Amino acid sequence: MKIIPTNSLVGAFVEDIDLSCPIESTETDELLSAWHKHGALFFKNQNLDNEQQIAAASIFGEPVPFDFAPATAESEIVHKIANEKGRGIKSGTSTWHTDATWLEMPPRGTMLQAVELPSSGGDTLFASMSAAFSSLSSETQSFIDGLTAVHHGGSKLKKSADSISKIIPEEAVSHPVVRTHPVTREKCIFVNRLFTKKINELNDIENEAVLPMLCDLVLRPELQFRFTWEEGDIAVWDNRSVQHYATPDYSEARIMHRVILAGDPVE
Ligand code: SIN
């Protein structure tokens, strides 16, 4: 097995590995530590069935059902992200975000497999939130470290929940604006445009200036890596240190199979 970092601050490709076969424990340790270090791992040409995808995801955490997206017919844990919207039409996943930060313990990580792709487009971008924190002056780092922010699924979540008749959490949750990764101990920006509503300790005028500034750090290309999918590819990312963005630049079907990993406390 070879782990080859991308040419950016986030992500690595894993080569010479077949995730459909049992993986040796020395290799699972190596994969886990590469995942923590690089924030996202990409495996080309895997073509896993549901059971194999769940087994591969369990290298990185505990695969759990996710109530807010339709499960595949055969599995409660593997669910389908199908986007057939037209070019330029944004869905929730086409806003930079971390998955489900409206939960008390948002998913630790997410594994996605490309099942059906448009003939072009549909890339996913990833950005390092530890690099985003490091890019700030020490004065700004001290100012934001210790603040907390409100997260809520809002209307976008309601729409997706309605379509599968699940109950959305009414209560907003608060998380630190800067979280410490439980393994690497790196500090990571933990606010996002999709779900973060306001910073608790700041007044409205301050929120108008500070929250967008922090959310938009993710837009800087030097923090990003853009992954171009082929059918059968797998990406698994660490939601504690990475945000992602699904590019809405296609008009044909794009079907992905997603597995969510149980969350841990945000500290
Ligand atoms: C997601 O936001 O979890 C899905 C990303 C994608 O479809 O590329």
Side-chain angles (χ1 to χ4, degrees), residues 6 10-11 35 39-44 46 48 53-54 56-57 60-61 63-72 77-103 106-129 151 153-154 156-157 159-161 163-164 166 190-196 215 218-219 224-263:
T6 66
V10 59
W35 189 56
L41 297 179
F42 308 107
F43 304 81
K44 300 293 294 174
Q46 297 291 323
L48 304 183
Q53 188 175 347
I54 294 167
F60 305 96
V64 286
F66 185 68
D67 285 347
F68 303 95
T72 54
I77 292 193
V78 181
H79 56 270
K80 223 184 196 179
I81 311 248
N83 190 350
E84 294 165 40
K85 292 182 174 168
R87 273 174 194 277
I89 297 181
K90 283 189 157 240
S91 70
T93 59
S94 301
T95 299
W96 278 101
H97 66 287
T98 305
D99 287 325
T101 58
W102 36 270
L103 289 172
R108 163 196 298 206
T110 305
M111 178 180 274
L112 207 60
Q113 174 167 223
V115 175
E116 186 180 336
L117 291 171
S119 43
S120 69
D123 294 352
T124 306
L125 280 77
F126 298 89
S128 165
M129 293 297 98
H151 296 243
K156 291 195 177 94
L157 173 61
K159 204 165 143 221
S160 123
S163 69
I164 49 167
K166 297 284 179 183
F190 200 65
V191 288
N192 68 83
R193 276 275 183 190
L194 192 54
F195 300 129
T196 313
C215 289
V218 76
L219 301 177
Q224 302 172 359
F225 176 70
R226 182 177 185 128
F227 182 55
T228 299
W229 297 91
E230 291 177 294
E231 285 171 6
D233 290 352
I234 294 269
V236 57
W237 61 88
D238 187 334
N239 280 309
R240 299 163 297 190
S241 58
V242 165
Q243 285 194 38
H244 58 283
Y245 173 96
T247 313
D249 59 352
Y250 54 89
S251 49
E252 298 156 278
R254 178 179 184 273
I255 298 174
M256 315 297 271
H257 278 183
R258 186 166 77 163
V259 174
I260 290 288
L261 302 175

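Keep in mind it's a predicted model, so treat the numbers as computed, not measured. Both ligands and their constituent atoms are indexed starting at 1 by order of listing.
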Under 4.0 Å to a heavy atom of H97 - the qualifying atoms of ligand 1, by number: 2 (O)
Considering non-hydrogen atoms of the protein only, which is the closest contact for [atom], and what is the distance?
| atom | result |
| --- | --- |
| atom 8 (O) of ligand 1 | T124 OG1, 2.6 Å |
| atom 3 (O) of ligand 1 | R258 NH1, 2.8 Å |
| atom 1 (C) of ligand 1 | H244 NE2, 3.3 Å |
| atom 7 (O) of ligand 1 | R254 NH1, 2.8 Å |
| atom 5 (C) of ligand 1 | L112 CD2, 3.8 Å |

Ignoring hydrogens and geometry, is there a side-chain-to-backbone donor-acceptor pair from [X] to [Y] under 3.5 Å?
| X | Y | answer |
| --- | --- | --- |
| N239 | P107 | yes |
| Q243 | M129 | no |
| E252 | S119 | yes |
| Q113 | Q53 | no |

Just go through T93, T110, T98 and tell me whose heavy atom is the nearest to atom 4 (C) of ligand 1.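 Closest candidate by heavy-atom distance is T93.
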Output the distance between atom CZ (R240) and atom OG1 (T98), rounded to the nearest 0.5 Å.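 Going from the CZ atom of R240 to the OG1 atom of T98 covers 12.0 Å.
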Point-to-point distance, once rounded to the nearest 0.5 Å, from OG1 of T95 to NE2 of H244: 10.5 Å
